[in-house]
Amino acid sequence: MFNDKYWMRQALILAQQAELHGEVPVGALIVLQDELIGSGWNQPISQQDPTAHAEIVALREACAHQQNYRLPGSTMYITLEPCIMCAGAIVHARIERVVFAATEPKTGAAGSCMNIFNTSQLNHRVQYENGVLAEESSKLLRDFFRAKR
(Lines give C-alpha, C1' and ligand atoms only; values in the text may rest on other atoms or scores of the structure.)
Protein backbone atom coordinates (compact mmCIF):
# COMPACT_ATOMS: atom_id res chain seq x y z
CA MET A 1 0.00 0.00 0.00
CA PHE A 2 1.36 3.40 -1.00
CA ASN A 3 1.24 6.42 1.31
CA ASP A 4 0.58 10.11 0.80
CA LYS A 5 4.26 10.95 0.36
CA TYR A 6 4.65 8.34 -2.36
CA TRP A 7 1.71 9.72 -4.35
CA MET A 8 2.82 13.33 -3.81
CA ARG A 9 6.26 12.46 -5.16
CA GLN A 10 4.51 11.18 -8.28
CA ALA A 11 2.58 14.45 -8.51
CA LEU A 12 5.86 16.36 -8.22
CA ILE A 13 7.21 14.40 -11.20
CA LEU A 14 4.15 15.57 -13.14
CA ALA A 15 4.81 19.16 -12.02
CA GLN A 16 8.31 18.85 -13.45
CA GLN A 17 6.75 17.76 -16.76
CA ALA A 18 4.72 20.96 -16.76
CA GLU A 19 7.87 22.98 -16.21
CA LEU A 20 9.62 21.20 -19.09
CA HIS A 21 6.76 22.37 -21.31
CA GLY A 22 7.02 25.98 -20.10
CA GLU A 23 3.97 25.70 -17.86
CA VAL A 24 3.66 26.64 -14.19
CA PRO A 25 4.89 23.48 -12.44
CA VAL A 26 1.76 21.95 -10.93
CA GLY A 27 0.93 18.27 -11.03
CA ALA A 28 -2.11 16.31 -9.91
CA LEU A 29 -3.15 12.69 -9.77
CA ILE A 30 -6.17 10.73 -8.63
CA VAL A 31 -6.00 7.45 -6.78
CA LEU A 32 -8.81 4.99 -6.09
CA GLN A 33 -8.18 1.94 -3.91
CA ASP A 34 -4.41 2.42 -4.27
CA GLU A 35 -4.62 2.51 -8.08
CA LEU A 36 -3.72 5.54 -10.19
CA ILE A 37 -6.76 6.37 -12.31
CA GLY A 38 -5.90 9.85 -13.59
CA SER A 39 -3.00 12.25 -13.80
CA GLY A 40 -2.16 15.60 -15.29
CA TRP A 41 0.03 18.65 -15.22
CA ASN A 42 -0.68 22.28 -16.00
CA GLN A 43 -1.28 22.83 -19.72
CA PRO A 44 -3.25 26.09 -20.17
CA ILE A 45 -0.49 27.78 -22.19
CA SER A 46 0.28 24.88 -24.54
CA GLN A 47 -3.39 23.92 -24.96
CA GLN A 48 -4.55 27.56 -25.14
CA ASP A 49 -7.20 26.53 -22.62
CA PRO A 50 -7.67 28.38 -19.34
CA THR A 51 -9.34 25.28 -17.86
CA ALA A 52 -6.37 22.98 -18.54
CA HIS A 53 -5.09 23.09 -14.97
CA ALA A 54 -3.42 19.94 -13.65
CA GLU A 55 -6.48 19.04 -11.59
CA ILE A 56 -8.88 19.34 -14.52
CA VAL A 57 -6.62 17.28 -16.78
CA ALA A 58 -6.41 14.58 -14.08
CA LEU A 59 -10.19 14.67 -13.53
CA ARG A 60 -10.88 14.21 -17.24
CA GLU A 61 -8.55 11.22 -17.41
CA ALA A 62 -9.90 9.63 -14.22
CA CYS A 63 -13.53 10.08 -15.29
CA ALA A 64 -12.78 8.51 -18.68
CA HIS A 65 -10.99 5.63 -16.91
CA GLN A 66 -13.94 5.07 -14.56
CA GLN A 67 -16.54 5.85 -17.26
CA ASN A 68 -18.26 8.08 -14.74
CA TYR A 69 -18.27 11.81 -14.08
CA ARG A 70 -18.20 11.12 -10.35
CA LEU A 71 -15.27 9.63 -8.49
CA PRO A 72 -16.51 8.66 -5.00
CA GLY A 73 -13.94 7.17 -2.67
CA SER A 74 -11.01 8.68 -4.58
CA THR A 75 -8.14 10.85 -3.39
CA MET A 76 -6.55 13.63 -5.42
CA TYR A 77 -2.92 14.64 -4.82
CA ILE A 78 -1.95 18.13 -5.98
CA THR A 79 1.35 19.95 -5.66
CA LEU A 80 -0.42 23.29 -5.10
CA GLU A 81 -3.64 24.30 -3.36
CA PRO A 82 -6.44 24.28 -5.93
CA CYS A 83 -8.04 27.45 -7.29
CA ILE A 84 -11.78 28.15 -7.23
CA MET A 85 -12.40 26.48 -10.60
CA CYS A 86 -10.53 23.32 -9.67
CA ALA A 87 -11.99 23.13 -6.16
CA GLY A 88 -15.47 23.42 -7.66
CA ALA A 89 -14.75 20.64 -10.17
CA ILE A 90 -13.41 18.46 -7.34
CA VAL A 91 -16.65 18.97 -5.42
CA HIS A 92 -18.76 18.17 -8.49
CA ALA A 93 -16.72 15.00 -9.14
CA ARG A 94 -17.38 13.89 -5.54
CA ILE A 95 -13.70 13.38 -4.81
CA GLU A 96 -13.57 12.14 -1.22
CA ARG A 97 -10.19 13.51 -0.18
CA VAL A 98 -7.62 16.01 -1.43
CA VAL A 99 -4.00 16.16 -0.32
CA PHE A 100 -2.03 19.16 -1.50
CA ALA A 101 1.55 20.22 -0.92
CA ALA A 102 1.96 24.00 -1.00
CA THR A 103 -0.63 26.59 -0.08
CA GLU A 104 -1.54 29.36 -2.53
CA PRO A 105 -2.15 32.55 -0.57
CA LYS A 106 -3.38 34.55 -3.59
CA THR A 107 -5.89 32.18 -5.18
CA GLY A 108 -6.15 29.09 -2.97
CA ALA A 109 -9.70 27.82 -2.52
CA ALA A 110 -9.00 25.15 0.11
CA GLY A 111 -8.44 27.46 3.05
CA SER A 112 -6.07 30.23 1.95
CA CYS A 113 -8.47 32.72 0.32
CA MET A 114 -11.67 30.78 0.79
CA ASN A 115 -12.71 27.20 1.43
CA ILE A 116 -14.89 25.64 -1.24
CA PHE A 117 -14.42 22.18 0.26
CA ASN A 118 -16.34 23.04 3.43
CA THR A 119 -18.96 25.41 2.08
CA SER A 120 -22.16 24.51 3.89
CA GLN A 121 -24.37 25.46 0.93
CA LEU A 122 -22.85 22.77 -1.29
CA ASN A 123 -24.07 19.19 -1.22
CA HIS A 124 -20.64 17.54 -0.95
CA ARG A 125 -17.75 18.11 1.45
CA VAL A 126 -14.19 17.19 0.62
CA GLN A 127 -11.76 16.05 3.28
CA TYR A 128 -8.43 17.73 2.75
CA GLU A 129 -4.98 18.18 4.18
CA ASN A 130 -1.97 20.15 3.13
CA GLY A 131 1.74 20.27 3.76
CA VAL A 132 2.77 16.88 2.33
CA LEU A 133 6.11 17.62 0.63
CA ALA A 134 5.25 21.31 0.76
CA GLU A 135 8.84 22.49 0.75
CA GLU A 136 9.71 20.50 -2.38
CA SER A 137 6.69 21.89 -4.20
CA SER A 138 7.29 25.45 -3.01
CA LYS A 139 10.92 25.29 -4.12
CA LEU A 140 9.92 24.06 -7.57
CA LEU A 141 7.48 26.97 -7.93
CA ARG A 142 9.91 29.55 -6.53
CA ASP A 143 12.70 28.42 -8.85
CA PHE A 144 10.35 28.47 -11.84
CA PHE A 145 9.17 32.03 -11.22
CA ARG A 146 12.67 33.24 -10.31
CA ALA A 147 13.92 31.99 -13.69
CA LYS A 148 11.06 33.82 -15.44
CA ARG A 149 12.01 37.20 -13.94
Side-chain angles (χ1 to χ4, degrees), residues 1-47 49-63 65-66 71-119 122 124-149:
M1 179 146 178
F2 300 110
N3 64 21
D4 290 344
K5 284 187 178 179
Y6 170 83
W7 291 115
M8 191 61 75
R9 280 187 181 82
Q10 303 309 304
L12 282 165
I13 291 168
L14 294 168
Q16 292 167 342
Q17 286 295 314
E19 182 176 32
L20 288 174
H21 289 91
E23 303 277 359
V24 175
V26 178
L29 53 87
I30 302 172
V31 175
L32 179 63
Q33 298 174 347
D34 224 24
E35 176 192 351
L36 178 65
I37 61 169
S39 62
W41 63 79
N42 264 5
Q43 300 176 43
I45 298 167
S46 60
Q47 297 297 317
D49 179 357
T51 70
H53 288 196
E55 299 94 326
I56 302 299
V57 174
L59 280 167
R60 288 175 179 155
E61 186 174 291
C63 289
H65 180 274
Q66 294 299 108
L71 303 168
S74 63
T75 299
M76 179 181 276
Y77 295 87
I78 319 164
T79 59
L80 184 64
E81 181 178 359
C83 70
I84 296 167
M85 173 185 70
C86 293
I90 289 165
V91 169
H92 283 295
R94 303 301 195 267
I95 298 282
E96 182 175 320
R97 179 173 171 252
V98 168
V99 179
F100 62 93
T103 57
E104 173 45 277
K106 293 181 181 177
T107 62
S112 288
C113 290
M114 62 188 62
N115 194 333
I116 300 298
F117 294 155
N118 284 332
T119 301
L122 300 178
H124 177 70
R125 307 289 175 285
V126 178
Q127 300 169 31
Y128 65 96
E129 62 184 272
N130 68 318
V132 177
L133 302 183
E135 185 48 44
E136 290 91 330
S137 179
S138 294
K139 182 180 182 332
L140 186 62
L141 288 158
R142 273 192 315 272
D143 291 351
F144 174 81
F145 286 111
R146 188 173 295 130
K148 291 283 184 192
R149 290 183 194 126

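Worth knowing before you read on, the calculation uses all heavy atoms, side chains too, and leaves out hydrogens, waters and symmetry mates.
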Rounded to the nearest 0.5 Å, what's the gap from CG on L80 to CD on E55? Could you check?
7.5 Å

Of all heavy-atom pairs linking L14 and W41, the shortest is O-CB, 3.2 Å

Say you draw a straight line from CG of L36 to OH of Y77; how long is it, rounded to the nearest 0.5 Å?
11.0 Å

Shortest non-hydrogen pair, N118 vs R125, comes out as CA-CD, 4.0 Å

Mind listing the closest non-hydrogen atom pair of L29 and W7 along with its distance?
CD2-O, 3.6 Å

Do you know the tightest heavy-atom contact between I45 and G22?
CD1-O, 3.8 Å

Minimum-distance pair of heavy atoms, taken over all atoms of S39 and E61
N-OE2, 3.1 Å

Gap between atom CE of M8 and atom CZ of F100 - 0.5 Å precision:
9.0 Å

Looking at A52, is its backbone amide N or carbonyl O close enough to the side chain of Q43 to form a donor-acceptor pair, meaning the two atoms are under 3.5 Å apart?
no

Donor-acceptor under 3.5 Å (E81 side chain, E104 main chain):
yes

Taking every heavy atom of S74 against every heavy atom of I30, the minimum-distance pair comes out as CB-CG2, 3.8 Å

State which residue, out of V126, T75, I90, fulfils the side chain to side chain contact (heavy atoms under 4.5 Å, CB included) condition with R97.
T75

Check whether any side-chain N or O of N42 sits under 3.5 Å from a backbone N or O of P25 as a donor-acceptor pair, and report yes or no.
no

Can you tell me if T79 uses its side chain to pair, donor with acceptor, with the backbone of G27 under 3.5 Å?
yes

I'd like to know if the side chain of E23 and the backbone of S46 have a donor-acceptor N/O pair within less than 3.5 Å.
yes

S137 (side chain) donor-acceptor with A134 (main chain) under 3.5 angstrom
no

Are more than 12 heavy atoms, taken from residues, nucleotides or ligands other than I13, located less than 6.0 Å from that residue's CD1 atom?
yes

Keeping the roles fixed (side chain from H124, backbone from I95), state whether a donor-acceptor pair exists under 3.5 Å.
yes

